[in-house]
Amino acid sequence: MHRFTRLFIDLDATTRTSEKLTALENYFRSVPPEDGVWALTLLVGKRPRRAISHTEMRRIASERSGIPLWLIAECHDAAGDLSETLALILPESDRCSLRPLHRVFSEWLTPLRNADEPSRALLLNEAWDELDTRQRLVFHKLISGSFRVGVQRRLVVRALANITALDPAIIEHRLNAPWKPTPDDYRRILSPHEHDSDPAAPYPFFLATPIRPSANDPITDDLRWLEHHLADPSDWLAEWKWDGIRAQLIHRPSLTMLWSRGEEHITDAFPELRALGALLPDNTVLDGEIVAWSDQDRPLPFSDLQRRLNRKQRDLMLFDDIPIRFLAYDLLELEGRDLREAPTADRRARLQNICARLASEQHLGVSPTIDFASWEDLAEQRAASRARAVEGIMLKRKSAPYRSGRARGDWWKWKIDPYTIDAVLIYAQRGSGRRASLFTDYTFALWDNGELVPFTKAYSGLSDAEIREVDDFIRKHTTGRQGPIRMVEPRLVFEIGFEGLRESDRHRAGIALRFPRMLRRRTDKSPDQADTLETLRALLHHSRTD
Amino acid sequence: MTADLVVSTDRGLYCPLADIHIDPWRAVDRAIITHAHADHARPGSKTYLCTPESEPILRIRLGKDINIQTLPYNQPLLHNDIRIMLHPAGHVLGSAQVLLEPLGPHARTHRSCCISGDYKTTPDPTCTPFEPVRCEHFITESTFGLPIYRWPDPRIVFDDINAWWHNNQTRSLTSIIYTYALGKAQRLLAGLDPAIGPILVHGAIDRLLPPYRDAGVQLPPTERATADNAKASRGRAMVIAPPSAAGSPWLKKFGKHSDAFASGWMQIRGTRRRRSIDRGFVLSDHADWPGLLSAIEATGASRIGITHGVVTPLARYLREEKSLDAYPISTRFEGEVDDTPETDPATD
């Protein structure tokens with residue numbers, strides 16, 4: 001526990017990537033496998049489910065510290081994080097636990113989950129006796145299922161690659177395969193032998209970068225940016241950007257698997273694709289997009305696809321209802337040959353070959369390339385994206401290999417501009433993590449018959465400075481509270497951007513938005529100049545008839 | 001039966017019998033100033049009363065020609081049958097608690113009252129240590145009036161700071177610590193190990209060093225940061241600057257650096273992380289939760305006014321858990337008290 005707490009503190013204390021990398025390397029170099037694998041689980045795998053509720057932790061801490069519950073609530077409000085709050089208010093301890101991390105799981109976390117209430121209090125007190133303040137913080141996060149640390153998966157992969165002297169893509173590939181928190185799996189992931197990879201694992205996905213990736217880019221016009229950075233259009237291959245689930249379809253002699261980009265195994269949700277995969281040559285891996293597909297040969301909204309994913313049980317009716325199609329756009333492996341180093345144009349030609357043989361399969365398609373003579377020409381075609389129910393355009397360099405992760409330069413996405421609407425901030429809630437002591441989660445409203453009707457929440461899009469400003473406004477203009485929610489004087493107007501919208505009976509305004517976020521504050525608009533619900537309904541109507 | 005000697009008005013705390021304000025936030029005839037931070041010492045009053053140690057700082061802050069009368073710690077001053085005494089508050093150089101005691105006919109009708117100003121109970125070599133004052137009515141600050149605030153031993157914090165400085169040198173990084181210009185900066189200087197390397201200070205801090213040195217406070221040698229000495233000591237120096245210097249072009253001359261913030265607010269991860277600094281050192285010139293409770297208890301007072309900080313929760317805690325007659329005093333700062341640091345670099 002002391003070693004892992006040190007790692008947590010080190011990662012938490014710095015914003016510098018180089019320092020985080022050093023901390024990770026130092027940790028994984030020295031940690032024994034039975035602990036290292038738990039650390040790895042916490043950093044890149046699944047967070048442990050919570051073993052005890054916040055309410056119960058608060059109660060036991062209140063009994064232990066003699067601090068009344070209402071005062072703990074005040075402290076929580078100021079610190080923004082319950083794990084930290086409780087760690088700080090408990091009676092001080094100058095001990096430091098040397099208990100290894102895996103025993104924290106086997107002797108505290110698992111028993112805590114299975115114990116009755118009095119035993120939970122005993123266990124918690126026993127742990128508090130042994131841990132110092134920082135260890136308590138980490139421990140609280142582990143048992144309450146809220147463990148998070150500011151380090152990207154990519155960085156952990158880099159650290160492991162550095163200490164094993166392997167290519168990060170190999171580590172990534174191994175982490176993609178199913179593994180359990182056992183010392184054996186840990187040794188396998190860190191094995192210095194290049195070929196110790198699981199055949200069922202997906203390759204690391206190559207992710208595209210948005211064009212004009214920085215908001216501060218001196219070039220503010222898309223076309224000029226493309227001319228400047230991508231230069232000759234003939235070096236590039238253009239495809240539609242589908243609104244579906246990115247996935248790899250893997251066929252090996254004994255198994256067919258489908259993996260989503262979140263490295264989730266989703267084969268069971270799409271049995272028709274399992275059947276399709278079986279028709280591919282042995283040891284073949286396709287990269288593409290699962291899209292809900294209408295009988296008019298066009299994509300259906302993403303929300304339809306989501307209904308398929310959410311089903312736990314196979315529901316044949318739903319499968320019929322929502323037909324899907326795998327639109328392949330890359331070929332990573334063919335008959336056991338890793339093609340990722342081959343140029344994109346080359347891989348694409350082979351892909352078309354394979355798929356031509358399966359042309360009669362209704363669940364398979366090749367994502368077509370878009371012919372275009374110039375960037376202006378492509379821009380014109382992009383303008384029709386909404387009518388085609390796609391999200392915009394993908395640009396891939398014809399000569400580039402298939403890279404891993406978000407490597408910049410060879411794959412770009414040129415998304416359509418979001419829908420926008422001007423709305424009024426009416427409720428606010430505290431954020432979490434780094435933003436825990438600030439009001440960062442906002443609810444917005446539109447006018448409807450002279451009344452402001454809440455229609456969406458949004459959390460992202462503001463700079464730190466803007467967040468502080470809005471936070472300050474909220475504190476000074478709170479008109480009421482309901483639990484953690486503050487009602488705020490309706491004075492601030494924001495431009496809300498979103499990617500799509502659909503009818504919803506779960507939302508008071510009757511419409512649900514996809515990816516809502518704040519584009520900017522409209523300081524030039526007063527609240528009465530915000531949009532109406534009628535405007536939003538009109539957008540919904542248009543999106544259906546497009 | 002007995003009344004409060006000191007009441008809260010729209011100009012701040014006021015003793016009607018003496019016709020004296022304590023730390024008024026608007027101009028008055030007679031003001032007693034607990035210490036020279038901007039939220040306690042405002043310009044414009046006709047006469048000021050403070051400790052001799054506070055006087056030069058007050059003149060730097062409020063103007064050379066203001067009318068100041070000084071009163072050393074623990075010496076009585078009689079005014080309208082009220083005895084005034086200043087006691088060390090341990091907050092910054094010259095900081096005082098103000099004890100007002102009713103004499104003569106007032107002694108039967110009014111309670112003695114001590115106004116703490118800002119104070120801390122932890123050791124600080126740059127000012128006279130806090131002294132508990134017996135009184136019937138105690139008006140206390142509450143900046144860190146929640147049990148999450150418990151300060152580590154300052155010696156450990158200074159060890160950490162010196163180790164960080166040394167470690168930065170091994171990586172050829174200049175060390176920069178942002179902290180409040182009056183009090184904390186000098187305390188920080190006193191805790192630095194000058195054997196590690198040169199120490200440079202921002203102008204806003206430099207001008208507040210003479211009152212400390214003149215009062216005999218031991219500070220290591222410092223230089224006001226200039227383009228020349230900054231360049232010459234890149235990768236080695238420790239730089240002390242006010243928070244307003246963070247992110248400003250002034251930093252450019254120090255080359256590659258690592259930065260830190262020294263404040264009680266650094267106890268909370270969220271506030272530390274939001275500042276996007278490399279390190280946060282928990283060092284405060286205010287009392288922490290145990291410090292507040294022990295100071296309140298040591299007064300023996302049964303009536304407690306709470307001001308400047310986490311007012312309502314502390315008042316409720318004292319009422320419900322300690323059975324004291326505790327009540328909140330609103331300050332001129334509107335809205336709810338924020339958990340973010342004061343933007344005024346002069347205050348903590």
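- At most 12 non-hydrogen atoms from other residues, nucleotides or ligands lie less than 6.0 angstrom from CZ of B/Arg155.
- The line from CH2 of A/Trp70 to CZ of B/Arg316 is 5.0 Å long, rounded to the nearest 0.5 Å.
- The CD atom of A/Glu74 sits 11.0 Å away from atom CG of B/Leu314, with the distance rounded to the nearest 0.5 Å.
- Neither the backbone nor the side chain of A/Ile72 comes within less than 4.5 Å of any heavy atom of chain B.
- Per-residue counts of heavy-atom pairs under 4.5 Å with chain B were compared for A/Leu88, A/Leu90, A/Leu137; the largest is that of A/Leu88.
- The two residues A/Glu84 and B/Ile268 come nearest to each other via the heavy atoms OE2-CA, 3.4 Å.
- The neighbour count for A/Arg154 CZ, taken as heavy atoms of other residues, nucleotides or ligands under 6.0 Å away, does not exceed 12.
- Using a 4.5 Å cut-off between heavy atoms, B/Arg269 touches chain A through backbone and side chain atoms alike.
- The environment of B/Arg26 atom CZ is dense: over 12 non-hydrogen atoms of other residues, nucleotides or ligands sit within 6.0 angstrom.
- Of all the heavy atoms in A/Pro91 and B/Arg150, the pair that sits closest is CA-NH1, 4.1 Å.
- For A/Glu19, the part lying near chain B is the side chain, with the backbone staying farther off; criterion is any non-hydrogen pair under 4.5 Å.
- Taking each heavy atom of B/Tyr149 and A/Ala78 in turn, the nearest pair found is OH-CB, 4.5 Å.
- Within the 4.5 Å cutoff, the side chain of A/Pro68 has heavy atoms near those of the B/Glu321 side chain.
- Within a 6.0 Å sphere centred on CZ of B/Arg272, heavy atoms belonging to other residues, nucleotides or ligands number more than 12.
- With a 4.5 Å cut-off on non-hydrogen atoms, B/Gln267 touches chain A through its backbone and its side chain both.
- Per-residue counts of heavy-atom pairs under 4.5 Å with chain A were compared for B/Ile277, B/Thr312, B/Ile148; the largest is that of B/Ile148.
- Annotation: B/Glu297, atom CD; neighbour count of heavy atoms from other residues, nucleotides and ligands within 6.0 Å does not exceed 12.
- The environment of CD in A/Gln152 is sparse: at most 12 heavy-atom neighbours from other residues, nucleotides or ligands sit within 6.0 Å.
- In terms of non-hydrogen atom pairs under 4.5 Å with chain B, the most contact-rich of A/Ile67, A/Thr478, A/Ile89 is A/Ile89.
- Taking every heavy atom of both residues into account, B/His257 and A/Arg16 meet most closely at O-NH2, 3.0 Å.
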